[in-house]
Amino acid sequence: MSPTEPTNPGDDPALLTLQSEMDKRFDPSTYEQVWQRRWAAAGVFAVEAAADRPSFCIMIPPPNVTGKLHIGHALQSTLQDLLVRWHRMRGENALWLPGTDHAGIATQLMVERQLEKEGTSRKAIGRAAFLERTWEWKREYHGNIRTQLDLLGASCDWTRERFTLDEGLSQAVREAFVRLYREGLITRGEYMVNWSPVLETAVSDLEVETKTVQGKLYHVSYLIEGEPAEGGERITVATTRPETMLGDMAVAFHPEDERYAHLLGKAAILPLIGRRLPFVPDEMVDREFGTGLVKITPFHDPNDFEVAKRHGLAGISVIDKTGRMTAEAGADFAGLTREDARTKVVERLRALGHLVKVEEHTHNVGHSQRGGEAIEPLVSTQWFCDVSGMAGQALAAVQDGRLRLVPDTWDKTWEHWLGSIRPWCISRQLWWGHQIPAWYTADGRTIVALDEEEAVRLAGVAGAEELTRDPDVLDTWFSSALWPFSTLGWPEQTADLRTFYPTSVLITAHDILFFWVARMVMAGLHFTGEVPFSAVHLTGLVRDADGVKMSKTKGNVLDPADLITEYGADAVRFTLASLDSPGRDIPLNPEQIAGYRAFGNKIWNATRFALARIPEGAQVRVSLDDFRGADLAAPERWILSRLSATAAEVNAKFESFRFDEACNRLYHFFWGELCDGYIELAKPALLGTDADRKLRPRIGDVLLTVLDRALRMLHPVMPFLTEEVWQRLPGREAIHADTICLAPYPQADLAWIDEGVEGQMAALFETVTRVRALLAETGRERKVGLWTASPVLEAFLGQQQALFATLCRLEVLEISSRAWPTGDGGPEDLVLGIGIKILGAKRGGDEAAERQKLLKEIEKLDAEIERTLAQLADESFLAKAPGPVVEKRRAALAQMEDRRSSLRSSLVG
RNA sequence: AGGCCCGUAGCUCAGUUGGUUAGAGCGCUACGUUGACAUCGUAGAGGUCAGCGGUUCAAGUCCGCUCGGGCCUACCA
């Protein structure tokens, strides 16, 4: 179902409420996208700049415009949406700004592949035509991202959607480039860069992945200059890349290596070529590795490049930008691929007797992150950005707390990377991207300007035709680095920028911490003087049920759209949020999603039950104050107490990014406390006679009020279901919100937290459990006696007698202030101050097994009592442990002893 | 080579500044269904918290070492 389909009645904002009966069947597909359209049509998520409320803003990590959302996006989007919805409900001016990234290399590759299928190529059709094709491609796929975010229930403000190549962002990119250039932080120069021979572009250090590969170490002997070919002194150098020897210019040894000190001033003769290679002493050489001699290939190895610089050595390029040998490699090798050249060089060396030996050797080789091909270190002219100063600022921001990494285990990684940062190669030999705003004059000057007009002026030439624009584009991450403020209109001081910048939180996976997060922080601090966000929540990577990384080749990829179709978006969201525990990857098991779909079913049916069974006229109460002074029974006071405690906890957990714990709490509150607890306690009154109801005043109002608040608390995680169900609660109109999206998020009402009633109810629940367990063992006679020495508890039990009998389905329930006589054969137990006696019951079932079980339990108690006695006899414990801890132990001891004696009595019978 | 994370029930994971007899979901066992929900309810089984040592009155939690797994960073030709 397309969310942009205009004909659906859901598009009419006047129809925001719905009144139909709840279907018995829980089926998220019947309402999820209906709500997404209604919210969009009503403009629920569009915000105004400069509102008189606190702002909250999250920038989406822009996905590739032509891409598809994967499960990791679903996780991040869920968490972002959860936070935005939570803040929106707290009355803040909450903006979640969506957008997409042009993703230079990835997108260009896709279009190139398409061209290839058509039998043509990028170079054949030319730059202008290629870019037009790519824009077409972008327009075609652009809607996908929104469709998928809609499926998930994302509450983005689509009126503010941005794209990294749109006009505003392009202007921001040019502005940033020009400023950095004029500050001397961007320079152009000839350096060694990581070159992808497949993509034919430079890539940054980050885009290179080192892989351990099994290779060979070739030992090659070189003749020393002036020595006779027969019997003269030779040296042996070791190399993993024999083909690069064609570009060798020297041989290096460690300055303190006595084995080679005598070679200083001499030279070796490069086999096959005959080039004279002077010996140079350099600290870089590891004396222990190989022979302690290193061949120096200035233009094809980063280390050698540095060595050559130190020693004033020239270099030659023997490998070209497509990975083939150049003319300078010699006529025998020119045109060969790197691999073929290696084979040929080795053959020649062997034939000429220069190959001493070949060893197996595992070593690390840089590979392109994108295509997987081996990266070639090449010397070329590129644009570089000196980020060392910005890195220092970004480092300081984390150290002084202006920027918080969550979890903070990333702090060290942050320090390590920023502390050892090197210049960033920002130019790419691609077409799809932000073309570098630099022009060259005929007389060799470089003009950097915001646009062509300015360039002409600065160059002092007659017109643009006298200038040549640099053909390269910028690294995609250069524009991404500006995302938090370029999306808000920077460099203009727009109302949006003033209202929403700095943004609040960034949520993204930890694998782009350096690619993106660090660069945004550096750029933000540099251009705006402020951290672009005050907290970064770094998620783990989503893996499959067995913890294995998802990949197309393994076929274990889970598509969020499929999961949403099968389980509903709310279940997918709840699952992802509840799995987001800090600092670890996320194993996603569809069974778990099914479990949370069942939770949705529970919510659906609990609401259905409430609506069907509440007394006539019951209403949601906007304020809990409405219940003050009302003579509420213990279950009512208990659930209101639990509600407040839960609200306090959930808000605190959201605040600290513990979405997993918040979800856990919500789940157990709704299912365990509201459904299994309160609704079961409410049934006798709701389903019984008027007399039953009189004992439980306001029960319907309390149930609806708790339900209303529970739904509102759940809304950020399960937006669709909560809206669908909440709309039907009688009395919710008094909240004055047309949609639950804008209803206030429940806050803790500490006045309603009642430890007394919680303790009593805990005793009741525990006693019910024990009675059920005992009755399950003792056959059918359902006569039970309870006793307690506490007058308060006795009064409480008296009030709850009928309820208690119903919950345990008892025929007879007697309550006493004294222990029941032992020795009549009835089993007994004692928990939380309440003694239980099965009256006049004969044991049923397997008596021996029951005695066995009792004995085992008594044994456990014996051990624990002994341990506690020893602890309480230990003077250092009494002296050093805090008072409350000691008191707790004493109380525990008393309880255990009581329980033991009760179980012993039971055993005697 | 350096850094980081993880090792808790059959499985996947929680366990906040050390403080009762270590929890959840799924799975498993038994019982239960005309009454919101079998996408359910009730009761239950299941753990020497990877191992060793240390600090402490007290360690799953803090420290050290070992073993096992994962990730990141790095210019050993």
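Computed from a prediction, not measured in an experiment: that's the story for all the values here. A, B, ... follow the sequence lines: proteins, then strands. Residue 1 opens every chain.
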Assign [X] to base, sugar-phosphate, or nothing according to its heavy-atom contacts below 4.0 angstrom with the strands shown.
| X | value |
| --- | --- |
| A:His361 | sugar-phosphate |
| A:Lys412 | sugar-phosphate |
| A:Glu591 | sugar-phosphate |
| A:Pro884 | nothing |
| A:Asp286 | base |
| A:Ala612 | nothing |
| A:Trp414 | nothing |
| A:Arg241 | nothing |
| A:Arg422 | sugar-phosphate |
| A:Lys856 | sugar-phosphate |
| A:Thr868 | nothing |
| A:Arg608 | sugar-phosphate |
| A:Lys24 | sugar-phosphate |
| A:Pro587 | sugar-phosphate |

Rounded distance (Å) that lies between atom [atom2] of [N] and atom [atom1] of [X]:
| X | N | atom1 | atom2 | answer |
| --- | --- | --- | --- | --- |
| A:Leu405 | B:rC4 | CG | P | 15 Å |
| A:Asn664 | B:rC13 | CG | P | 15 Å |
| A:Leu579 | B:rC26 | CG | C1' | 12 Å |
| A:Phe659 | B:rA14 | CZ | C1' | 17 Å |
| A:Asp676 | B:rC37 | CG | P | 15 Å |
| A:Glu306 | B:rA77 | CD | P | 17 Å |

[X] has a side chain; which of [options] sits nearest to it?
| X | options | answer |
| --- | --- | --- |
| A:Phe609 | B:rU20, B:rA36, B:rU73 | B:rA36 |
| A:Ala892 | B:rA36, B:rU20, B:rC75 | B:rU20 |
| A:Thr239 | B:rA77, B:rC75, B:rG25 | B:rA77 |
| A:Ser876 | B:rC37, B:rC57, B:rG44 | B:rC57 |

Polar side-chain contact A:Glu661-B:rA24 base: donor and acceptor under 3.5 Å: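 Not at all, since no donor on one side and acceptor on the other fall under 3.5 Å apart.
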Rounding to an integer number of angstrom, what distance separates [N] and [M] when you compare their [atom1] atoms?
| N | M | atom1 | result |
| --- | --- | --- | --- |
| B:rG23 | B:rA14 | C1' | 7 Å |
| B:rG70 | B:rU29 | P | 34 Å |
| B:rU16 | B:rG54 | C1' | 25 Å |
| B:rC40 | B:rG64 | P | 46 Å |
| B:rU12 | B:rC72 | C1' | 25 Å |
| B:rG44 | B:rA9 | C1' | 14 Å |

A:Asp580 versus A:Thr539, side-chain donor and acceptor atoms under 3.5 Å: no
Carboxylate-amine/guanidinium proximity below 4.0 Å for A:Glu857 and A:Arg900: no
Lys/Arg cation over aromatic A:Trp604: A:Arg25, 6.0 Å, 45° cone: no
A:Lys683 NZ/CZ over A:Phe609 ring centroid, <6.0 Å and within 45° of normal: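 Yes, A:Lys683 lies over the aromatic ring of A:Phe609.
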Check: A:Asn194 side chain, A:Ile375 main-chain N or O, donor-acceptor pair, under 3.5 Å: no
